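Inspection log for the structure reproduced underneath, given as structure tokens.
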Number of protein chains: 2
Amino acid sequence: MAKLQKSIDKRNALIKATIELVNNNGFHAAPMSKIAKMANVSPATIYLYFENKQDLVNKTYIEVKAKYTQYAFATYNDRLTVEEGFEAIWKRIADFKCKDSENAMFLAQCDNTPIIDETSRQEGIKHLQPLLDLWERGKSKGIIKPISNYILYAYTINPLSFLMMADKRNGFQLDKTHIEMAYQAAWDSIRVN
Amino acid sequence: MAKLQKSIDKRNALIKATIELVNNNGFHAAPMSKIAKMANVSPATIYLYFENKQDLVNKTYIEVKAKYTQYAFATYNDRLTVEEGFEAIWKRIADFKCKDSENAMFLAQCDNTPIIDETSRQEGIKHLQPLLDLWERGKSKGIIKPISNYILYAYTINPLSFLMMADKRNGFQLDKTHIEMAYQAAWDSIRVN
DNA sequence: TATGTAAAAATGAATGTTCATTCACTTTTT
DNA sequence: AAAAAGTGAATGAACATTCATTTTTACATA
């Protein structure tokens, strides 16, 4: 137990350090030596947990993505109405982006650059299925516009990434009021009038 | 003339090579040697045109951003109604993202990572003023929802980046029909009912 | 409970490579 | 023929990864 526990701690520390360094400096300025130092570990130790740098970043991505989707769907179940379900998922995602912005920023960077493998990217997308199912339900009931899931995603979930980045970088405050306004915009963009 | 002409060609070739390599491999895998080779130039020549790698990327970003905003506002003038003006700008931006996706992808990557200086980022934002002015006009006339410009941007312009990426990466086709649907979603999300 | 020891985990210091940048020199332009 | 532009090869630093060694752990035995 002690041994296993210690190992998981080191692994977590490495993943945390990776996220922090990639967020602040970018992949190109996140050397293994710095990651090791930030995780209080020898550079050589990283290779006990991960094959190489690419593997470290891929695994970090998948892990963060899993945490994200788990959080997103925690309050959702398919007994909810389409509108209730959508609001539940959307607000959880908004919540995640606000409260866990370190992780959210890392995902945003991975999703917009070629730093992770295509395979790992695909792996990360899988977990989104419940939302796609909900949208299909909404479309078949005539509640949600009959348009591509890509567009639905682009106009509801994706804007949250932009708003989170704006919050982190500029003077914009992604607070309760703005979240509520953003939710209205999201829903207005996809609902059938 | 001959001399100046030649210089501009080299500079353009360097910028083009930078965009292509950063798009395909990411900043971390776009070495100066490859950029030089792709531009048919000696590595040393890059330093006649740019201070260093950071400067090359910053300048590339600013140049591409300028091209982008120039294209975006080419058909706009403030005599248009709010709705006409918005549609004009939005569709030009959509057009740019479709037709010049190399440049658009480069901007998306820069806007979501720390590869360019904060100063250069600010520089790039300046040119967006006409759109912000249009939005203020729309808000004061009660045509556009009275919400932060960040949210307006997040729900109208930013989704286009996501859709373009989806088009480049997955099977999604950002064609005329989808553009039209996306425009409706964009307008529905910000207009007052 | 204390002790010895083999396996596992961890390490700091190499290693070899890649890279950004510079330099001494050549070619082109004026 | 002086100045400007361009070059390929050199330079030194930074990096990912490996290696030889040390430390820690697990646990059998007394």
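All heavy atoms count here, side chains included; hydrogens, waters and symmetry mates do not. Each chain gets a letter, A, B and so on, in the order the sequences are listed, and its residues count up from 1. What you see is a predicted model; the values in this text were computed from it and never measured.
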Side chain of [X] (C-beta onward), nearest among [options]:
| X | options | result |
| --- | --- | --- |
| B/Val41 | D/dT7, D/dT17, C/dT11 | D/dT7 |
| A/Ala44 | C/dC19, C/dT22, D/dC19 | D/dC19 |
| B/Pro31 | D/dT7, C/dA20, C/dA10 | C/dA20 |
| B/Met32 | D/dA5, C/dA10, C/dT21 | C/dT21 |

Quiz item: cation-pi between A/Lys59 and A/Phe50, 6.0 Å / 45°: no

B/Arg92 charged N/C atom sitting above B/Tyr76 aromatic ring, 6.0 Å / 45°: no

Check whether any side-chain N or O of [X] sits under 4.0 Å from OP1 or OP2 of [N], and answer yes or no.
| X | N | result |
| --- | --- | --- |
| A/Lys10 | C/dA10 | yes |
| A/Thr45 | C/dT11 | yes |
| B/Tyr49 | D/dG6 | yes |

Between A/Asn52 and A/Asp55: side-chain donor-acceptor atoms closer than 3.5 Å: no

In whole angstrom, what separates [X]'s [atom1] from [N]'s [atom2]?
| X | N | atom1 | atom2 | result |
| --- | --- | --- | --- | --- |
| B/Tyr47 | C/dT22 | OH | P | 7 Å |
| A/Lys53 | D/dT18 | NZ | C1' | 17 Å |
| A/Ile8 | C/dA9 | CD1 | P | 13 Å |
| B/Ile46 | D/dA5 | CD1 | P | 17 Å |
| A/Leu48 | D/dT17 | CG | C1' | 12 Å |
| A/Asp9 | C/dA10 | CG | P | 11 Å |
| B/Leu56 | C/dC19 | CG | P | 16 Å |
| B/His28 | D/dA16 | NE2 | C1' | 12 Å |

A/Asp188 and B/Lys145 ion-paired at < 4.0 Å: yes

Salt-bridge contact A/Lys91-A/Glu180 (side-chain N to carboxylate O under 4.0 Å): yes

Side-chain donor/acceptor contact of B/Ser42 with base of D/dG8 under 3.5 Å: yes

